[in-house]
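No experiment lies behind these values; they were computed from the predicted model shown.
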Amino acid sequence: MKAGNKKNMGATLKRLIAYVLKQYKWQCLLVALCILVSTAANIGGTLFMRNLIDDYILPFVNQVRPDLAPLLRALLVMAAVYYIGVFCTWAYNFIMIYVFQGMLKTVRDDLFGHMERLPVRYFDTKSHGDIMSIYTNDTDTLRQVISQSMPQMLSAVITIVGVFVSMLVLSPPLTLITVVMVICMVFATRTISSKSGYYFVRQQTDVGNLNGYIEEMMEGQKVVKVFCHEEACVQEFKELNGKLRESANNANRYASILMPVLGNLGYVSYAVIAMVGACLSIFGGRMTLGTLASFLQFSRSFNQPISQFDIIKSPS
């Protein structure tokens with residue numbers, strides 16, 4: 001069942017990407033370019049931290065009157081790099097607002113046009129509340145995928161590749177420790193998010209069933225009163241509402257504990273890397289303070305996109 005869900009999810013994601021690119025090809029290419037530049041600026045700024053500490057800060061420690069002009073120029077260059085990254089981040093978020101709002105309008109138009117061509121038996125076998133939940137809950141989920149999940153997935157892939165190469169350049173032994181901790185984080189993410197995704201699917205189904213039942217009972221209120229069916233309706237409503245409460249509670253419970261678990265594993269990884277890096281610097285002399293500072297920053301940057309990417313891939 002899980003394998004089928006992953007297969008359907010991959011096919012649905014490919015179909016959605018093709019649907020978006022069909023109308024907003026150039027906007028999506030510009031978004032991808034902005035994400036690439038923004039990620040490269042963040043990686044470049046973090047990598048420049050090594051030179052900043054080793055070449056512009058540590059040499060001034062024992063000087064009485066150090067010349068701070070080179071340090072000021074280095075800080076200006078570093079600030080310019082980060083400002084470029086911030087601007088590109090703002091740019092692709094701004095473009096995505098235009099893209100996903102236009103896509104939602106197109107999806108609703110296509111959905112309405114498709115439903116006009118459906119046979120009458122479809123509407124006889126489906127409750128009106130369930131049909132309306134497609135226009136509300138399902139399209140809102142689609143909005144989150146287009147506006148958040150897709151840019152995050154692209155940014156995560158670029159960040160993972162760039163940061164991993166940078167960490168290998170800085171220190172292969174510390175990179176190995178980071179990879180081991182990331183494997184632990186991926187295992188925790190898959191275990192928790194799979195349960196959360198299962199209950200979120202049930203929540204969407206229960207919402208549709210509950211809305212359909214409410215709509216059906218409101219339209220048939222006269223029939224309910226004529227046959228004195230009020231108590232049975234109330235009891236059935238409580239059962240459907242209880243199922244929705246249970247699925248929503250479980251979905252949000254697993255979703256809420258995921259980030260604290262990953263955050264604590266990230267702190268453990270940070271502490272282990274800091275201790276091993278300090279030992280390499282003190283006893284081996286093969287690592288400078290700037291290299292360790294840059295690597296620690298990269299380790300935090302590496303853990304976050306790995307978790308986001310695995311959450312997006314998890315069945316939901």
Side-chain angles (χ1 to χ4, degrees), residues 1-10 13 35 39 42-43 46 89 140-141 144-145 147-164 166-168 170-171 173-207 243-278 292-316:
M1 185 68 180
K2 289 182 179 180
N5 287 338
K6 291 182 179 180
K7 184 177 180 180
N8 295 335
M9 179 183 175
L13 186 59
I35 292 176
T39 305
N42 290 329
I43 295 175
T46 305
T89 301
D140 184 68
T141 303
Q144 294 179 3
V145 172
S147 63
Q148 299 178 12
S149 298
M150 292 175 63
Q152 284 180 359
M153 184 165 57
L154 178 59
S155 177
V157 172
I158 299 174
T159 302
I160 290 170
V161 175
V163 171
F164 184 73
S166 300
M167 289 193 302
L168 280 177
L170 292 176
S171 176
L174 294 184
T175 304
L176 180 61
I177 297 176
T178 304
V179 171
V180 172
M181 294 303 301
V182 164
I183 292 175
C184 297
M185 297 178 68
V186 169
F187 176 77
T189 301
R190 287 184 177 273
T191 303
I192 299 175
S193 62
S194 61
K195 293 183 177 295
S196 176
Y198 169 75
Y199 284 111
F200 269 116
V201 172
R202 281 189 52 184
Q203 177 186 341
Q204 292 297 106
T205 304
D206 293 338
V207 167
K243 291 181 179 179
L244 176 59
R245 180 194 63 82
E246 180 183 0
S247 60
N249 177 65
N250 289 327
N252 288 281
R253 180 176 61 183
Y254 285 110
S256 298
I257 67 175
L258 177 59
M259 296 312 297
V261 169
L262 296 181
N264 289 326
L265 288 176
Y267 291 138
V268 172
S269 175
Y270 190 89
V272 172
I273 292 173
M275 290 188 295
V276 175
L292 180 59
S294 296
F295 194 95
L296 288 174
Q297 189 66 30
F298 275 132
S299 67
R300 298 299 299 269
S301 302
F302 189 69
N303 293 336
Q304 185 176 1
I306 285 285
S307 304
Q308 291 178 350
F309 187 69
D310 200 64
I311 291 172
I312 294 171
K313 286 179 60 181
S314 299
S316 58

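Partners of Gln204 according to the side-chain hydrogen bond (donor to acceptor under 3.5 Å, both in side chains) rule, which considers only residues two or more places apart in sequence or in another chain, are Asp138. Legend: residues meeting side chain to side chain contact (heavy atoms under 4.5 Å, CB included) with Thr46, ordered by chain and number and at least two apart, are Tyr82, Gln297, Phe298. Annotation: side chain to side chain contact (heavy atoms under 4.5 Å, CB included) contacts of Ile158 (sequence neighbours excluded): Ile35, Leu36, Thr39, Leu154.
In terms of heavy-atom proximity, Leu258 sits nearest to Ala188 at CD1-O, 4.4 Å. The nearest pair of heavy atoms linking Cys184 to Leu265 is O-CD1, 4.2 Å. Closest of all the heavy-atom pairs between Phe200 and Ala255 is CE1-CB, 4.0 Å. Scanning both residues, Gln203 and Ala248, for their nearest heavy atoms gives OE1-CA, 3.8 Å. The nearest pair of heavy atoms linking Leu292 to Ala274 is CD2-O, 4.5 Å.
Ile273 CD1 to Arg300 CZ: the interatomic distance, rounded to the nearest 0.5 Å, is 10.0 Å. Ser166 contributes atom OG, which lies 5.5 Å from atom CD1 of Ile43 (distance to the nearest 0.5 angstrom).
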Show me the donor-acceptor pairs within less than 3.5 Å that the side chains of residues 173-181 make with the rest of the protein, sequence neighbours left out.
from   : atom 1 : to     : atom 2 : distance (Å)
Thr175 : OG1    : Met167 : O      : 3.0
Thr175 : OG1    : Ser171 : O      : 2.7
Thr178 : OG1    : Leu174 : O      : 2.9

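Using a 4.5 Å heavy-atom threshold, the side chains of Ile183 and Phe187 count as separate.
Thr159 places no side-chain N or O within donor-acceptor distance of the main-chain N or O of Ala156, the cut-off being under 3.5 Å. Side-chain atoms of Ser196 never come within 3.5 Å of backbone atoms of Ile192 as a donor-acceptor pair (strictly under, hydrogens ignored).
Within the structure, side chain to side chain donor-acceptor pair (under 3.5 Å) pairs that include any residue of residues 252-270 comprise Asn250-Arg253 (at least two apart or interchain).
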